[in-house]
*Asks:* 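Input: one structure, supplied below.
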Amino acid sequence: MPDFQETSNASQKLIEMLNNKVFGQSEIIEHVVIAVICNEHALLTGAPGVAKTTLVRNLAAALGNKYKRIQFTPDLTPFDILGGDTIHFDEENPDLKKIAFSPGSIFSPFILADEINRASPRTQSALLEAMQERQVTIGGISRPLPKPFYVFATQNPIENEGTFPLPEAQLDRFLLNLEIPYPDFDAEVKVATLPKRMEDLPSLEVAEILLNSREIVEKVQITDALLKGIVRIVRNTRPQESKLSVAKDYLDFGASPRATQALLISAKALALIRGKSEVQFEHIAEVAPPVLRHRCIVNFRSLSENRSSASIINQIVQETIL
């Protein structure tokens, strides 16, 4: 099993490679690597053209794994994603046919669920078992998915017509919700000069270390005070029990205990990436918005005052006594 330093060095190498391919998104890239070393999924939210697809495609290439893109549309069905029983014809004897299972696109190590909120809730729910159990059940038969297995979903926050908001159960399957901003001026100058077609990244020699690093991440140390602080942060997002006015004023519902687990493992992963063997408060504060923003439901007042869920979460973190 690789040690702490090997895993930290490998993650830094992956971040460096991705930064040479996707410009102006260094923080997003670091957070995507958090999802990778935690063996979890991520939701990428951003306007068209901010390199969401490019990032996921090159991530899969750098980790030496196959990648499949599923374009989610209103007419997409669960069969299109999962597969199912179909009629197979014998090549030598066309009159001979049999019914056999045909695997869908989900049977791939890296899945890009592009514009996931354009598909119907019935189709979105086809991913629930796959993301949680790493298997799909069709016709009463459970079939395991490849190892590793990652779902990186994208959604466009601008267009609302013809979309179906992801239900809370679906959102909760994503470790992180990463809001991808436009690149800064210098980065956009680099983007403007890029050729239309670019080769994907070569496979990273230490990719296997990153794909099997969950146990190393879990061994990163955290003090009892910070651990309890993480629990307090999550509990303070629940307006029914929080004593913070920001939660009572701007949130309808808070995060579940699964969010506590997600915040802990994400903070550990960020500490590891930065070469720290113990979680610090700044690690928790940095990953709190992407971990919690999709698990907290804001109310009408927050929308009317243009308060983002990230700003609310940041205030909760700062006002929570650690």
Side-chain angles (χ1 to χ4, degrees), residues 1-2 6-22 25-26 28-44 51-72 80-83 101-116 126-136 142-155 173-178 180 197-218 265-266 269-270 272-273:
M1 180 184 292
E6 285 178 321
T7 307
S8 181
N9 292 341
S11 63
Q12 284 296 334
K13 179 62 177 176
L14 177 59
I15 290 170
E16 180 184 343
M17 291 176 66
L18 291 172
N19 274 316
N20 289 329
K21 183 64 68 171
V22 178
Q25 304 290 0
S26 56
I28 296 298
I29 288 171
E30 191 173 50
H31 289 174
V32 164
V33 174
I34 287 176
V36 169
I37 65 177
C38 290
N39 193 23
E40 295 286 350
H41 316 289
L43 179 63
L44 310 178
K52 300 187 294 294
T53 302
T54 301
L55 174 56
V56 177
R57 187 180 68 248
N58 281 278
L59 177 66
L63 293 173
N65 277 274
K66 293 181 179 179
Y67 149 91
K68 285 189 178 179
R69 173 179 176 177
I70 304 174
Q71 189 67 47
F72 278 65
D80 298 322
I81 300 172
L82 305 179
F101 178 74
S102 295
S105 301
I106 198 73
F107 288 87
S108 180
F110 277 79
I111 297 295
L112 176 63
D114 205 12
E115 294 192 294
I116 188 174
L127 292 175
L128 287 174
E129 182 185 13
M131 294 174 67
Q132 185 66 27
E133 308 295 338
R134 262 67 175 186
Q135 67 176 27
V136 295
S142 295
R143 293 178 168 84
L145 292 169
K147 293 183 180 180
F149 177 72
Y150 295 94
V151 174
F152 289 90
T154 71
Q155 60 178 358
R173 298 302 196 275
F174 293 102
L175 178 72
L176 305 170
N177 179 5
L178 305 176
I180 303 181
R197 291 186 177 275
M198 295 178 62
E199 291 186 4
D200 292 337
L201 289 171
S203 179
L204 188 63
E205 293 181 1
V206 290
E208 201 64 28
I209 293 176
L210 296 171
L211 295 172
N212 296 281
S213 56
R214 174 72 185 226
E215 289 186 28
I216 300 296
V217 175
E218 290 176 348
I265 197 66
S266 298
L270 184 59
L272 182 147
I273 287 172

*Asks:* Side-chain contact, heavy-atom cut-off 4.5 Å: Glu30 with Leu270?
*Replies:*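 Side-chain contact under 4.5 Å: yes.
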
*Asks:* Given side chains that start at C-beta, do those of Ile81 and Phe72 come closer than 4.5 Å, heavy atoms only?
*Replies:*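 In short, these two side chains touch, coming nearer than 4.5 Å.
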
*Asks:* Within a 6.0 Å radius of atom NZ on Lys68, are there more than 12 heavy atoms belonging to other residues, nucleotides or ligands?
*Replies:* yes

*Asks:* Ignoring hydrogens and angles, tell me if any N or O in the side chain of Thr154 forms a donor-acceptor pair with the backbone of Leu44 under 3.5 Å.
*Replies:* no

*Asks:* For Lys21 and Glu199, indicate whether the former's side chain and the latter's backbone hold a donor-acceptor pair under 3.5 Å.
*Replies:*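 Looks like yes, one N/O pair under 3.5 Å.
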
*Asks:* Say you draw a straight line from CG of Leu145 to CD of Glu133; how long is it, rounded to the nearest 0.5 Å?
*Replies:*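 Leu145 atom CG to Glu133 atom CD measures 10.5 Å (nearest 0.5 Å).
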
*Asks:* Treating Gln12 as the side-chain partner and Ile273 as the backbone partner, does any N or O pair qualify as donor plus acceptor under 3.5 Å?
*Replies:*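 At least one qualifying donor-acceptor pair exists.
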
*Asks:* Which distance, rounded to the nearest 0.5 Å, do you find between the CZ of Phe101 and the CZ of Arg143?
*Replies:* 4.5 Å

*Asks:* Taking the side chain as everything from C-beta on, heavy atoms only, tell me whether Leu18 gets closer than 4.5 Å to Gln25.
*Replies:*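 No, too far: nothing below the 4.5 Å cut-off.
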
*Asks:* Which distance, rounded to the nearest 0.5 Å, do you find between the CG of Asn65 and the OG of Ser108?
*Replies:*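 Taking CG in Asn65 and OG in Ser108, the distance rounds to 8.0 Å.
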
*Asks:* Just how far is it from atom CG of Leu59 to atom OG1 of Thr54, taken to the nearest 0.5 Å?
*Replies:*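 So the gap between those two atoms works out to 12.0 Å.
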
*Asks:* Is there side-chain contact between Asn39 and Arg134, with heavy atoms separated by less than 4.5 Å?
*Replies:* yes

*Asks:* If you round to the nearest 0.5 Å, how far is NZ of Lys13 from OG of Ser8?
*Replies:* 14.0 Å

*Asks:* With the side chain counted from C-beta on, respond yes when Gln155 and Leu43 share a heavy-atom pair under 4.5 Å apart, and no when they do not.
*Replies:*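 When only atoms from C-beta onward are counted, Leu43 and Gln155 do touch, with a gap below 4.5 Å.
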
*Asks:* Mind checking the CG-CG spacing from Leu14 to Asn19? Nearest 0.5 Å is all I need.
*Replies:* 9.5 Å

*Asks:* Are the side chains of Ile111 and Leu127 in touch, meaning some heavy atoms are under 4.5 Å apart?
*Replies:*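 SC-SC contact between Ile111 and Leu127 ruled out.
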
*Asks:* May I ask you to decide if Leu112's main-chain N or O and Tyr67's side chain share a donor-acceptor pair within less than 3.5 Å?
*Replies:* no

*Asks:* Show the numbers, then the answer: is there a side-chain contact (heavy atoms from CB on, under 4.5 Å) between Val32 and Tyr150?
*Replies:* CA-CA 11 Å; Val32 164; Tyr150 295 94; over 6 Å; no

*Asks:* Answer yes or no: is there a side-chain heavy-atom contact under 4.5 Å between Ser105 and Asp80?
*Replies:*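 In short, these two side chains do not touch, never coming nearer than 4.5 Å.
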
*Asks:* Side-chain contact, heavy-atom cut-off 4.5 Å: Ile28 with Val22?
*Replies:* no

*Asks:* Between His41 and Met131 (side chain of the first, backbone of the second, donor and acceptor by atom type, cut-off under 3.5 Å), is there such a pair?
*Replies:* yes

